[in-house]
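All chains are named by letter (A, B, ...) in the order of the sequence lines, taking the proteins before the strands, and each is independently numbered beginning at 1. It should be emphasised that the depicted structure is a prediction, and the values quoted were computed from it without experimental measurement.
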Amino acid sequence: MTELGSIGKSVRRKEDYRFITGQGHYTDDINRPGQAHAYFLRSPHAFARIKSIDISAASAKPGVVAIYTGKDMAADKVGGLICGWTVKGKDGQPHKAPRHDAIAVECVRHVGDQVAVVIAETYAQAKDAAEAIEVDYEVLKPAIDLRDALKPGAPQVHADAPGNLCYDWDFGDKAATDAAFAKAAHVTRVELLNNRLSPNPMEPRSAVAEYDRGTDMTTVYVTSQNPHVLRLILCAFVFGLPEHKVRVVAPDVGGGFGSKIFNYPEETVAFWAARKLRRPVKWTSDRSEAFLTDAHGRDHYTIAHLAMDKDGKFLGLKVDTLANMGAYLSTFASAVPTYLYALLLAGQYTTPAIYAEVKAVFTNTAPVDAYRGAGRPEATYVVERIVEAAARELKLDPAELRRRNFIAADAFPYQTPVACVYDSGQYALTLSEAQKMIDYAGFPARKAASAKQGKLRGIGISCYIEACGIAPSAVVGSLGAGVGLWESAKIRFNPTGSVCVYTGSHSHGQGHETTFAQLVSDKLGVPIDQVEVVHGDTAQIPMGMGTYGSRSLAVGGSAISKAADKLIEKGKKIAAHLMEASPADVSYGNGVFSVAGTDKSVPMAAVAFTAYVPHNYPADLEPGFEETAFYDPANFTFPSGCHIAEVEIDPDTGITKIANWVAVDDFGNVINPMIVEGQVHGGIAQGVGQALLEGVVYDTESGQLLTGSFLDYTMPRADDLPSYNVAMTHTPCPHNPLGVKGCGEAGAIAAPAALMNAITDALGTEAIQMPATPLKVWQTIQSHKPALAAE
Amino acid sequence: MYEFNYHRPTSLAEASKLLAGAADGKFVAGGQTLLPTLKQRLAAPSDLIDLGGIAELQGIKVDGGSVSIGAGTRHGVVAKSAEVAKAIPALAKLAGGIGDAQVRNMGTIGGSLANNDPAADYPAAVLGLNATIHTNKRTIAADDYFKGMFETALEDGEIIVKVTFPIPKRAGYVKFPNPASRYVMVGAMVAETASGIRVAINGAAPCVFRHKEMEAALAKSFSADALKGIKTDPKTMNNDIHASAEYRAHLVGVIAKRAVLAAG
Ligand SMILES: Cc1cc2nc3c(=O)[nH]c(=O)nc-3n(C[C@H](O)[C@H](O)[C@H](O)COP(=O)(O)OP(=O)(O)OC[C@H]3O[C@@H](n4cnc5c(N)ncnc54)[C@H](O)[C@@H]3O)c2cc1C
């Protein structure tokens, strides 16, 4: 890797200048001439039949351009929103995906569901007019609680999903798993709630749609993580329009965490209304709407059993999960608790038999879909909590129990019993590094010191596995995905030597403009400031698949690398011509083409210039210096790592203080360590948020959202978080050209189990669920009375 | 937010006149409570009368026995006042723990007391330190001022002008913040004053209240240990997703003890 200039260096982020100086261009910053503003009237009820809607008074309000209801969209034959991944249940039948209208037609199914849209000259006028719309509801009893929704007699969210069941799915070898349990010396059982989370990206969702009658082109600027897929859905499923007449632009996007992958009702309505009115239509969510309508994450209830032999060797794992889908099936909702979850249940271990059953359930709550980690945090939470609980039951050191069951470093590629073939990893190494960093051996003394102060101290390990760059397309297709999961890249040299990189990945906080520029700079010998990374505009970039699942570098970066290789190949021919040598004798490195054994060389910039000014040029070669590549990975890539959390609990208040946090992650090769560390920090923050602070709460009777603002939804603040001790090991991915894995979700995957293992260690009971708020910790202390005596 | 007329009077008399003349007028000080309410369209006053231009409402005065704070004084000013910190450190600490820097730079003591949010900080200071509230019409003793949840002794149109805190022998304030909002979930101001020991508990119940049993115990012995075994009835406590009534009742004991320790 000697030729690599900036790779591995913490280059400052190119994009930060505009972000830090307030010069980013977000969707809400975009204003089009003649634009009108949309405001949605939303359901105040969790479940109700719309008996009538009277818009007459509202229509007469100042500035109103139009008011539309679901019936108007239906009259225009606008399609419902789709779920792009079809999961087949145990019975072989596809999941139930009841119609999801962008504006409700007959029934509203969660608080915040769209009832009507008002389009007016100003946003305030639209809002004023919305108050004058009269809706007559027949209020129905809602199904809110996940478990209650499955009970006989529960209110039915959709007539065409009997029993509120979206699917009843299973995965793995049931017979082999049953046999494993039959011969077990010990079985550990855990009951786990994986709390529902609100994604809360800093930038709320927004869309500006406009229609150009002259060209028949519809353009929508939108807060999206994957503009091409959104265009595909809008064109092929919702509106029946040709894709060449639709342009989707996702400009600067202020965070997504998964919540901006999906096709949402509001942008769909803005798109439709702009065409109908022949006026640009803008909509921006406020924070209250974001709480009500951004797709939530997680929300699982799980009972798991782990079978072990007398030495603690894992024999089998059985997992039974209920997953809340909310009121409608969001774009990728069905895949999250199935293929992104059960396939990861082997964790880092050699467990030979695994069987998972998942029931997906409709409730009268906001839709639930992918959120940072999407399925994989839920899997890690199950595996790492049950392993820790098992160690306690067996009175074994949890680190030791893990070591007895790790997949060995020389066992890769490793076929798990749940379909995945792990590419590489050094699990024992990451664990022992983390143990060293946190002084694991010194923990009993620290615990005794805490006890002297009247505090409960605990330590918890989480050895996680992550699957990034979900692929290859043929495999995900066979599992029900409606799309391929490759990525595209185009690299265009400009005549004077600078470079534009067009990537199908989308950056909304990940720093692609820097990481990808480093990659291109390094491969093509162009200074970083001469590389422009372009993303997010379907009119500029080749068809791309967007950013989610920590796929951008492993898949998008690999596509860029392939395109760069093509340029180097072409460059060799041009350079050979210029140096009057045979292409076979030309070698390339560090931005220079040279002929072995001579002092002849041509720099990359001269080759690029020659390609555009081909006065002295190979006769059989096309002019121009631009290449496109598509990359479909051979496999997922599997980052892994070990996080250890140490906590101290004040039994008087129930407050948990994070005393120390170490993370040893293995993301394969690393291009920009600073950016990677930043991703780890952010991921841990969200994981700590899930374990200690955050949780969406609906009133189980009325279905009202009780955590509808930051007054009640506890977002982590800086002082809730510890100073992390972050380190890395590097086990390259063997099957992509960069040897990289993915780092975006790791922290959020690892952290909850580490923290809950530490808290349950301190409390001496497994009987506490996330978020471990001071209230819950105190209540657990009251009911379990942990011993405070020093050991 | 609905539209409203905006006024910025420079005297109390002018403010009163503007309010009397408005269809449905409302005073605004720092706006940290009122503006969020307006933004959510939960209130629709015809006129906002900004008290920020009235010089009389500004400023901090410390004389021999008391600290007097103008109603329009921002939390941040109180928090950073060297005079307050010297005279009643617990009061400066309390002000410095309200909301965040932006809130402290706008919010005022008068606005906080007029609002009387059960989860607000200042009510504990006023009740615990036995302060006097001066309005444009009269003076109101702390014990007569707090009437219930968001309810005070203020009459319609009455303006708080200043609050006078007698300097206590010692006082300590400790707040257990709500994890989400960081308002008070349970707080305690414990003070030894000229008129005896006072323990004001905020955040826990619908309105700030004096914990008489604790006061009696501390009068015998001003120590955290003196509060041991004193129970607070959960039936009188608030109950929400962040804290059950039982938990709040328990925290009252814990936080009061810590306030005693903080008082030194
Ligand atoms: C994010 C956030 C966090 C917060 N955290 C806390 C916290 O931790 N602890 C806490 O105690 N508070 C907290 N607050 C509330 C804050 O302290 C407010 O500033 C305070 O409650 C109201 O003061 P104000 O000057 O902003 O009043 P305004 O919002 O302007 O007015 C509030 C009410 O008081 C009336 N009023 C104002 N001045 C007078 C006067 N002189 N005489 C009579 N009536 C008057 C107004 O008419 C109105 O009805 C927080 C607020 C926010 C936005």
Side-chain angles (χ1 to χ4, degrees), chain A residues 39 61-62 122-125 127-131 195 198 200 286-289 291 454 650-656 688-689 691-700 704-720 771-783, chain B residues 1-4 32-33 36-42 44 97 99-103 117-120 174-188 203-204 224 227-228 234 237-261:
Chain A
Y39 178 79
K61 290 274 173 187
T122 70
Y123 179 75
Q125 286 173 331
K127 216 169 167 175
D128 286 345
E131 285 178 5
N195 44 327
S198 177
N200 287 320
D286 66 22
R287 186 58 67 184
S288 307
E289 289 179 288
F291 274 108
D650 177 349
D652 287 340
T653 59
I655 290 180
T656 300
V688 170
L692 280 188
L693 307 162
E694 298 181 55
V696 173
V697 183
Y698 284 97
D699 183 278
T700 48
Q704 294 297 325
L705 181 61
L706 300 181
T707 49
S709 81
F710 290 124
L711 276 176
D712 287 304
Y713 188 86
T714 314
M715 279 297 276
R717 290 172 169 86
D719 63 359
D720 289 315
T773 59
L775 167 66
K776 274 199 238 163
V777 170
W778 179 79
Q779 286 171 331
T780 308
I781 291 171
Q782 299 318 299
S783 47
Chain B
M1 206 180 280
Y2 301 103
E3 284 184 12
F4 52 79
Q32 296 303 290
T33 294
T37 315
L38 299 187
K39 283 186 186 166
Q40 294 194 330
R41 298 186 160 215
L42 297 173
D100 49 37
Q102 290 89 335
V103 169
D117 187 323
V174 172
K175 159 184 186 177
F176 186 113
N178 175 304
S181 72
R182 303 250 172 128
Y183 274 75
V184 187
M185 202 154 85
V186 173
L227 298 182
K228 255 194 197 149
M237 299 278 103
N238 293 337
N239 182 13
D240 57 38
I241 57 171
H242 303 286
S244 64
E246 289 73 23
Y247 181 47
R248 272 197 171 85
H250 163 80
L251 283 179
V252 167
V254 174
I255 298 304
K257 274 184 215 154
R258 291 182 185 184
V260 170
L261 293 174

Per-residue contact mode, [X] against chain B (heavy atom under 4.5 angstrom):
{"X": "Gln782(A)", "result": "neither"}
{"X": "Thr653(A)", "result": "both"}
{"X": "Asp286(A)", "result": "neither"}
{"X": "Pro716(A)", "result": "neither"}
{"X": "Leu692(A)", "result": "neither"}
{"X": "Lys776(A)", "result": "neither"}

Problem set entry | Among Val260(B), Val186(B), Val184(B), side chain to side chain contact (heavy atoms under 4.5 Å, CB included) partner for Ile255(B) |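 It is Val186(B); the other options fail the test.
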
For this session: Indicate yes or no for a side-chain donor-acceptor contact from Gln125(A) to the backbone of Thr122(A) under 3.5 Å, with no hydrogens or angles considered.
Result: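 Yes, the answer is positive, given that a donor and an acceptor are paired below the 3.5 Å cut-off.
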
Exercise. With a 4.5 angstrom heavy-atom cut-off, which part of Ile241(B) approaches chain A: side chain, backbone, both or neither?
Worked result: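 When you check distances to chain A, atoms from both the backbone and side chain of Ile241(B) fall under 4.5 Å.
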
For this session: State whether Glu131(A) and Arg41(B) are salt-bridged, where the test is any N-O pair (Lys NZ or Arg NE/NH1/NH2 against Asp/Glu carboxylate O) under 4.0 Å.
Result: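 Between Arg41(B) and Glu131(A) there is a salt bridge, with a charged N closer than 4.0 Å to a carboxylate O.
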
Exercise. Arg717(A): what forms a salt bridge (Lys or Arg N to Asp or Glu O under 4.0 Å) with it, not counting sequence neighbours?
Worked result: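 None.
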
For this session: Name all pairs fulfilling the side-chain hydrogen bond (donor to acceptor under 3.5 Å, both in side chains) condition that reach into residues 242-258 of chain B, sequence neighbours left out, sorted by first residue then second.
Result: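 Of all non-adjacent pairs touching residues 242-258 of chain B, those that pass side-chain hydrogen bond (donor to acceptor under 3.5 Å, both in side chains) are Asp650(A)-Arg258(B), Asp712(A)-His242(B), Trp778(A)-His250(B), Asp240(B)-Arg248(B).
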
For this session: Hey, could you give me the OG/CG distance between Ser198(A) and Leu705(A), rounded to the nearest 0.5 Å?
Result: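 It is 8.0 Å, given to the nearest 0.5 Å.
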
Problem set entry | Pairs of heavy atoms under 4.5 Å with chain A: top-ranked of Met185(B), Glu3(B), Arg182(B) |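 Most heavy-atom pairs within the cutoff with chain A belong to Arg182(B).
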
Exercise. Looking at Thr707(A), Ile655(A), Asp720(A), Asp128(A), which makes the most heavy-atom pairs under 4.5 Å with chain B?
Worked result: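 The answer is Asp128(A).
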
Problem set entry | From CA spacing to verdict: side-chain hydrogen bond (donor to acceptor under 3.5 Å, both in side chains), Glu694(A), Tyr713(A) | CA-CA 6 Å; Glu694(A) 298 181 55; Tyr713(A) 188 86; 2.6 Å; yes

